[in-house]
Amino acid sequence: MRHFAVIGSGPAGFYTAEALAKTYGDSARIDIIDKLPVPYGLIRFGVAPDHQSIKAVARRYDKVAEGGTVRFLGNVAVGEAVSIDQLVDLYDAVILATGAPNDRTLGIPGEDLPGVIGSAAFVGWYNGHPDFAALDPLLDGEAAAIIGNGNVALDVARILSKTRAEFAGSDIVAHALDALEGSTIRTITIVGRRGPHQIAMSPKELGELGHLDVAVPHVELSDLPVAEADAVLDPGVRKSVAHLRDFAKARDDKPKHIKFDFFARPVAIEGEERAERLIVERTALGDDGQSVGTGEIYAIPANLIISCIGYQTPRIEGVPYDERGGRFANDGGLIGDGLYCVGWARRGPSGTIGTNRPDGYEVAAAIAGAVPASETNDKAGGAGLDALLAAKGVRATSFDDWRTIEAAEIAAARADAPREKLVNHADWLKVLGH
Ligand SMILES: Cc1cc2nc3c(=O)[nH]c(=O)nc-3n(C[C@H](O)[C@H](O)[C@H](O)COP(=O)(O)OP(=O)(O)OC[C@H]3O[C@@H](n4cnc5c(N)ncnc54)[C@H](O)[C@@H]3O)c2cc1C
């Protein structure tokens with residue numbers, strides 16, 4: 001019997017467990033360990049609540065957990081409840097699938113002012129992540145700025161723009177829905193260092209901005225390259241740029257405005273007691289395709305500033321770290337003897353949910369090469385972990401516990417929502433009767 005521990009129950013963790021279960025069949029036991037009592041990582045806490053069809057991928061992960069050889073153990077923080085060294089002693093291989101949940105910082109003056117937050121915090125707040133349930137973002141101003149030109153920036157702009165009715169069928173948490181309904185923000189500026197041809201925004205997400213009830217997107221015609229230049233773009237980017245061209249023609253006939261401010265590099269945030277404006281430098285594209293400052297400085301009024309500029313993997317004691325990449329140092333997923341990483345913890349924060357599948361399968365194949373199926377049972381595996389957690393008084397949640405929590409959330413759902421998420425440990429433990 002072989003024993004594997006996958007740390008993290010997001011897409012990368014589940015795809016890796018799926019691959020290991022297929023490869024080893026009944027000759028392995030796989031534990032998926034998460035610090036939160038509930039599974040699925042960014043599927044639950046990152047993907048936008050009004051994108052339920054994307055969140056439905058979790059049904060596939062359910063099947064993995066129900067397969068008989070895979071266990072889920074929530075409420076177990078690796079690095080706190082149990083160390084990497086202890087896990088490497090207990091299991092034939094330990095796979096870190098801990099994602100990249102920390103916001104990258106802007107590194108500009110004024111970043112600490114109230115009203116300036118990272119997207120991990122804001123997204124976690126509206127998705128019911130326990131670490132951010134009390135965030136209370138400042139929605140009482142007239143203007144917001146979103147820094148970044150990727151899909152997370154679009155999610156944030158859309159969530160700030162929607163009416164209560166437009167959230168029907170979503171699983172946005174009640175505290176966020178109520179606060180957003182009371183928001184006085186009317187202008188949302190999306191700031192990007194480069195231009196329309198350099199965006200990392202998918203056509204579907206961008207197109208959604210053109211169909212909001214009370215908000216209209218706007219692009220400056222002068223920021224768009226001549227239409228013929230679009231011919232060299234990848235088809236996906238070309239479609240996205242076509243949306244931007246439509247936005248440049250859109251009628252300004254709704255009360256909320258989403259303005260795209262291209263070629264603008266944040267240099268400071270100013271305000272007396274809280275953020276009042278984002279100071280930016282106008283940029284141009286250099287010969288290498290990177291942005292170059294022009295020296296022209298101007299201010300974008302903003303009382304709420306949300307940076308969507310990428311994420312980093314938190315360090316875990318004893319695991320080598322790639323400072324530049326903001327992830328674990330690894331070679332094709334291998335960190336060291338018996339220790340691997342997958343997903344965002346391996347590659348950094350890029351790609352879609354689906355990108356994590358080949359990633360997890362590749363690392364599982366490498367493990368299969370290094371750890372042949374065996375009749376022997378040298379490692380203590382899950383039984384050893386259970387004993388260790390019991391000695392420390394750590395009560396892990398099981399997949400059945402998750403089912404109980406899920407059922408309680410569905411039972412508590414508002415009429416127009418699939419569930420009412422429980423957002424903190426106390427609520428989870430209450431439902432479980434702990
Ligand atoms: C805001 C946002 C929206 C997105 N929307 C989409 C979308 O619409 N479509 C799409 O295809 N992709 C989307 N993505 C990308 C997608 O979510 C990622 O590709 C994917 O979640 C990465 O998977 P992962 O398993 O590496 O990390 P994660 O999903 O982050 O999972 C990591 C898991 O590890 C756990 N963990 C962390 N540290 C520890 C520890 N020390 N001990 C135990 N457990 C730990 C965490 O609790 C978490 O459950 C989005 C990403 C973000 C940030």
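Ligands are counted one by one from 1 in listed order, and the atoms in each one are counted from 1 as well. Both backbone and side-chain heavy atoms feed into the values below; hydrogens, waters and symmetry mates do not.
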K.L.:
Of the listed options (V78, T16, D359), which comes nearest to atom 40 (C) of ligand 1 when hydrogens are ignored and any heavy atom counts?
P.N.:
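Result: the heavy atom closest to atom 40 (C) of ligand 1 is in V78.
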K.L.:
So, regarding A100 and ligand 1 (criterion: nitrogen or oxygen to nitrogen or oxygen, under 3.5 Å), is there a contact or not?
P.N.:
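The answer is no, given that A100 and ligand 1 share no N or O pair closer than 3.5 Å.
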K.L.:
Looking at I7, which atoms of ligand 1 are within less than 4.0 Å of one of its heavy atoms?
P.N.:
42 (N), 43 (C)
K.L.:
With only distance considered, is D34 within less than 3.5 Å of ligand 1 through an N or O on each side?
P.N.:
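Min N/O separation from ligand 1 is below 3.5 Å for D34.
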K.L.:
With a 4.0 Å cut-off on N to O distance, would you call R44 and E409 a salt bridge?
P.N.:
yes
K.L.:
Among all protein heavy atoms, pick out the one at the shortest distance from atom 31 (O) of ligand 1; state its residue, atom name and that distance to 0.1 Å.
P.N.:
G10 CA, 3.5 Å
K.L.:
What do you reckon, does A97 put a non-hydrogen atom under 4.0 Å from ligand 1?
P.N.:
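Yes; A97 lies near enough to ligand 1 that a heavy-atom distance drops under 4.0 Å.
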K.L.:
For Y15, run the side chain to side chain contact (heavy atoms under 4.5 Å, CB included) check against V64, I353, L20 and tell me which one passes.
P.N.:
I353
K.L.:
Would you say G343 and ligand 1 have an N/O pair spaced under 3.5 Å apart?
P.N.:
no
K.L.:
Salt bridge or not for E220 and K259, using N-O below 4.0 Å?
P.N.:
no
K.L.:
Would you mind checking which non-hydrogen protein atom is closest to atom 2 (C) of ligand 1, with the distance to 0.1 Å?
P.N.:
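Looking at atom 2 (C) of ligand 1, the protein heavy atom closest to it is G46 O, 3.7 Å.
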K.L.:
In terms of residue, atom name and distance, what is the protein heavy atom nearest to atom 23 (O) of ligand 1?
P.N.:
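For atom 23 (O) of ligand 1, the nearest protein heavy atom is P11 CD, 3.5 Å.
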K.L.:
Measure the distance from atom 43 (C) of ligand 1 to every protein heavy atom, then report the residue, atom name and distance (to 0.1 Å) of the closest one.
P.N.:
K35 N, 3.2 Å
K.L.:
Identify, by atom number and element, the atoms of ligand 1 in contact range of G41, meaning under 4.0 Å from any of its heavy atoms.
P.N.:
29 (O), 31 (O), 48 (C), 49 (O)
K.L.:
For Y126 together with F132, are the ring centres under 6.0 Å from each other?
P.N.:
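Ring centres of Y126 and F132 not closer than 6.0 Å.
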K.L.:
Got a salt bridge between E80 and K392, using NZ or NE/NH1/NH2 to carboxylate O under 4.0 Å?
P.N.:
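Salt bridge between E80 and K392, a charged N being under 4.0 Å from a carboxylate O: no.
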K.L.:
I need the atoms of ligand 1 closer than 4.0 Å to a non-hydrogen atom of Y311, numbered in the order shown.
P.N.:
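Checking each atom against Y311, I get 53 (C).
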K.L.:
For atom 30 (O) of ligand 1, what is the closest protein heavy atom, and at what distance to 0.1 Å?
P.N.:
L42 CG, 3.4 Å
K.L.:
Below 4.0 angstrom from a heavy atom of G8, which ligand 1 atoms are there? Numbered from 1 as shown, please.
P.N.:
33 (C), 34 (O), 35 (C)
K.L.:
Please evaluate residues T16 and Y340 with respect to the criterion side-chain hydrogen bond (donor to acceptor under 3.5 Å, both in side chains), reporting the C-alpha separation (whole Å), side-chain torsions for both, the decisive distance (0.1 Å), and the verdict.
P.N.:
CA-CA 11 Å; T16 307; Y340 298 80; over 6 Å; no
K.L.:
Is R315 paired with E323 through a side-chain N to carboxylate O contact shorter than 4.0 Å?
P.N.:
yes
K.L.:
What is the nearest protein non-hydrogen atom to atom 20 (C) of ligand 1, stated with its residue, atom name and distance?
P.N.:
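Minimum-distance protein heavy atom for atom 20 (C) of ligand 1 reads N356 ND2, 3.6 Å.
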K.L.:
Show every salt bridge (Lys or Arg N to Asp or Glu O under 4.0 Å) that has at least one partner inside residues 147-156, sequence neighbours left out.
P.N.:
D155-R158
K.L.:
Check D89 with K379, please: is the shortest side-chain N to carboxylate O separation under 4.0 Å?
P.N.:
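Salt bridge: no.
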K.L.:
Where on D155 is there a heavy atom closer than 4.0 Å to ligand 1, on the side chain, on the backbone, on both, or on neither?
P.N.:
side chain
K.L.:
Judged on heavy-atom distance to atom 39 (C) of ligand 1, which of T98, V123, L154 sits nearest?
P.N.:
T98
K.L.:
Does a side-chain N-to-carboxylate-O contact under 4.0 Å join D427 and K430?
P.N.:
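No, this pair does not count.
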K.L.:
Would you call D213-K254 a salt bridge at under 4.0 Å N-O?
P.N.:
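Answer for the salt bridge query: no.
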K.L.:
Judged by non-hydrogen atoms, does V76 sit under 4.0 Å from ligand 1?
P.N.:
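Contact present.
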K.L.:
For I43, which part has a heavy atom under 4.0 Å from ligand 1: side chain, backbone, both, or neither?
P.N.:
neither
K.L.:
So which protein heavy atom does atom 26 (O) of ligand 1 come closest to, and at what separation?
P.N.:
W344 N, 2.9 Å
K.L.:
Ignoring hydrogens, tell whether any protein atom lies closer than 4.0 Å to atom 14 (N) of ligand 1; use the non-hydrogen atoms only.
P.N.:
no
K.L.:
Got a sec, which residues hit side chain to side chain contact (heavy atoms under 4.5 Å, CB included) with S9, two or more places apart in sequence or on another chain?
P.N.:
F14, I32, D34, P39, F72
K.L.:
Considering only protein heavy atoms, which is closest to atom 8 (O) of ligand 1, and at what distance to one decimal place?
P.N.:
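Nearest protein contact, heavy atoms only, for atom 8 (O) of ligand 1 is I54 CD1, 3.5 Å.
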K.L.:
Looking at atom 50 (C) of ligand 1, is any protein heavy atom nearer than 4.0 Å to it?
P.N.:
no
K.L.:
One thing to verify: whether D230 and K239 come together as a salt bridge, which I'm taking to mean a side-chain N less than 4.0 angstrom from a carboxylate O.
P.N.:
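Looking at D230 together with K239, the answer is no, because their closest N to O distance does not fall below 4.0 Å.
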K.L.:
What part of F45 sits under 4.0 Å from ligand 1 if we count only heavy atoms: the side chain, the backbone, both or neither?
P.N.:
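Near ligand 1, F45 shows nothing, with every heavy atom at 4.0 Å or more.
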K.L.:
Output yes when E362 and R347 qualify as a salt bridge under the 4.0 Å nitrogen-oxygen rule, no when they do not.
P.N.:
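Answer for the salt bridge query: no.
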K.L.:
So is E205 polar-close to ligand 1, meaning N/O to N/O under 3.5 Å?
P.N.:
no
K.L.:
Is the W125 to F45 ring centre distance short of 6.0 Å?
P.N.:
no
